[in-house]
Amino acid sequence: MLDAFSRKAISADSSGGFIGGAELSQLKAFIADGNKRLDAVNAITSNASCVVADSVAGICCENTGLTAPNGGVYTNRKMAACLRDSEILLRYVSYAVLAGDASVLQDRALNGLRETFGALGVPTGSAARAVAIMKASACAHITNSNDTTPPKRKMAVTQGDCSGLAGEAASYFDMVISAIS
Amino acid sequence: MKSVLTTAIAAADSASRFPSSSDLESVQGSLQRSAARLEAAEKIASNYDSIAQEAVDAVYQQFPNGAAGRQPRQCAVEGKDKCKRDFVHYLRLINYSLVVGGTGPLDELAINGQREVYKALSIDAGTFVAGFTHMRNRGCAPRDMSSQALVEYNGALDYVINSLA
């Protein structure tokens, strides 16, 4: 597992160079925005069950066949498994946001996920759609801009521009989507 | 590779929970201290050549014939060049370790197995210790870097010296 710092060490070691100049200024920017990053992780974790429930409810509303007999989440057992797996994927995305690097997500969650879903008969289109809903919802929580619909859940944090972090989190969700679809 | 961030994540993952507030606190503490580490790393990246050269000079002052067990002909230019190359290698890994904020790069890329290698090549680890001790004593705040950065730099050097001792 790597983070933003050890990623730089690995890439510098492959060329035998020192870490200086441009790489260090990127890391300094990472440190300067460290509090924003922690707030972003907190925004995901504090709203995790809401984000997960919305995503699974969303795919069921969009595709009513899912809850009908022989549907992807027919029976409570499958629905519970779907909620659990969504939460696991969101958890690994939160780790990746915290580390500033996707390796933990790739190594521990996405590696072999497509084969596992295939073997279990998970409808990958619906699963990818659920992740896309989590992406939209989590990014809205990160930028604290989820005030368009009631109940207007907003975090009491210092306001700032977190669009960069929201974009980074979106890229991790996109990795999940491309890994399963 | 072990660092404060990956340690916090690994702990959260083994309990299959989201990063808790105490995880985030420990990460924040590490980020606050990291400015000094990065400063030291930056100074090493820009001055490694002269640091290594001074260390080589210090080694050959203490061991005029080079490492014990070497033939005299190996103590000439070639030996000094190889000695400097090795010090640059260690400085590069110290640079990585300061950036990462843990001893992971030093452990994984140098210290694991180093004793066996130097024994097989009949190089006295004391020669390296002489060079690193010189670096350790040569660093000066605020001439070279800020005092907090110097603490981090000396800490990394002490770690290497202890691994060789």
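Naming convention: chains lettered A, B, ... in sequence-line order (proteins, then strands); numbering from 1 in each chain.
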Query raised in the report: Which region of A/I10, side chain (C-beta onward) or backbone (N, CA, C, O), has a non-hydrogen atom less than 4.5 Å from a non-hydrogen atom of chain B, or is it both or neither?
Result: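 Just its side chain gets close to chain B.
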Report task. With sequence neighbours excluded, tell me which residues meet salt bridge (Lys or Arg N to Asp or Glu O under 4.0 Å) with B/R138. Result -> B/E54
Query raised in the report: Hey, are the side chains of A/V41 and B/F18 touching, using non-hydrogen atoms and a 4.5 Å cut-off?
Result: no
Requested in this report: Mind checking ring-ring contact (aromatic ring centres under 6.0 Å, His included) for A/F117 and listing every partner two or more places apart, or none if nothing turns up?
Outcome: none
Query raised in the report: How about residues 155-165 of chain B versus chain A: which residues have heavy atoms under 4.5 Å apart?
Result: none
For residues [X] and [Y], report the shortest heavy-atom separation together with the two atoms involved.
| X | Y | answer |
| --- | --- | --- |
| B/L24 | A/L38 | O-CD1, 3.6 Å |
| B/I44 | A/F18 | CG2-CE2, 3.8 Å |
| B/L31 | A/G34 | CD1-CA, 3.7 Å |

Do you know which of [options] has the most heavy-atom pairs with chain A at a distance under 4.5 angstrom?
| options | answer |
| --- | --- |
| B/L91, B/V27, B/V99 | B/V99 |
| B/P105, B/A41, B/A12 | B/A12 |
| B/V88, B/L98, B/L93, B/V100 | B/V100 |

Below 3.5 angstrom, are there any donor-acceptor pairs between chain B and chain A, and if so, which atoms and how far apart?
from, atom 1, to, atom 2, distance (Å)
B/M1, N, A/M1, O, 2.6
B/S3, OG, A/D3, OD2, 2.3
B/A12, O, A/Y95, OH, 3.3
B/D13, N, A/Y95, OH, 3.2
B/D13, OD1, A/R91, NH1, 3.1
B/D13, OD1, A/Y92, OH, 2.6
B/D13, OD2, A/Y92, OH, 3.2
B/D13, OD2, A/R108, NH1, 2.6
B/R17, O, A/Y95, OH, 2.7
B/Q28, NE2, A/N35, OD1, 2.9
B/E42, OE1, A/K28, NZ, 2.9
B/R92, NE, A/G16, O, 3.4
B/R92, NH1, A/D13, OD1, 2.9
B/N95, OD1, A/I19, N, 2.8
B/N95, ND2, A/I19, O, 3.2
B/Y96, OH, A/A12, O, 3.1
B/Y96, OH, A/D13, N, 3.1
B/Y96, OH, A/G17, O, 2.6

Query - A/F30 CZ to B/L5 CG distance, which is reported to the nearest 0.5 Å - result: 5.5 Å
Query raised in the report: How far does CG of B/L38 sit from CG of A/L27, to the nearest 0.5 angstrom?
Result: 6.0 Å
Query raised in the report: Are A/I19 and B/V4 co-members of a hydrophobic cluster defined by side-chain heavy atoms under 4.5 Å apart?
Result: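 Each belongs to a different hydrophobic cluster.
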Query raised in the report: Based on non-hydrogen pairs under 4.5 Å, which of A/A99, A/G21, A/A32, A/G16 is most in contact with chain B?
Result: A/G16
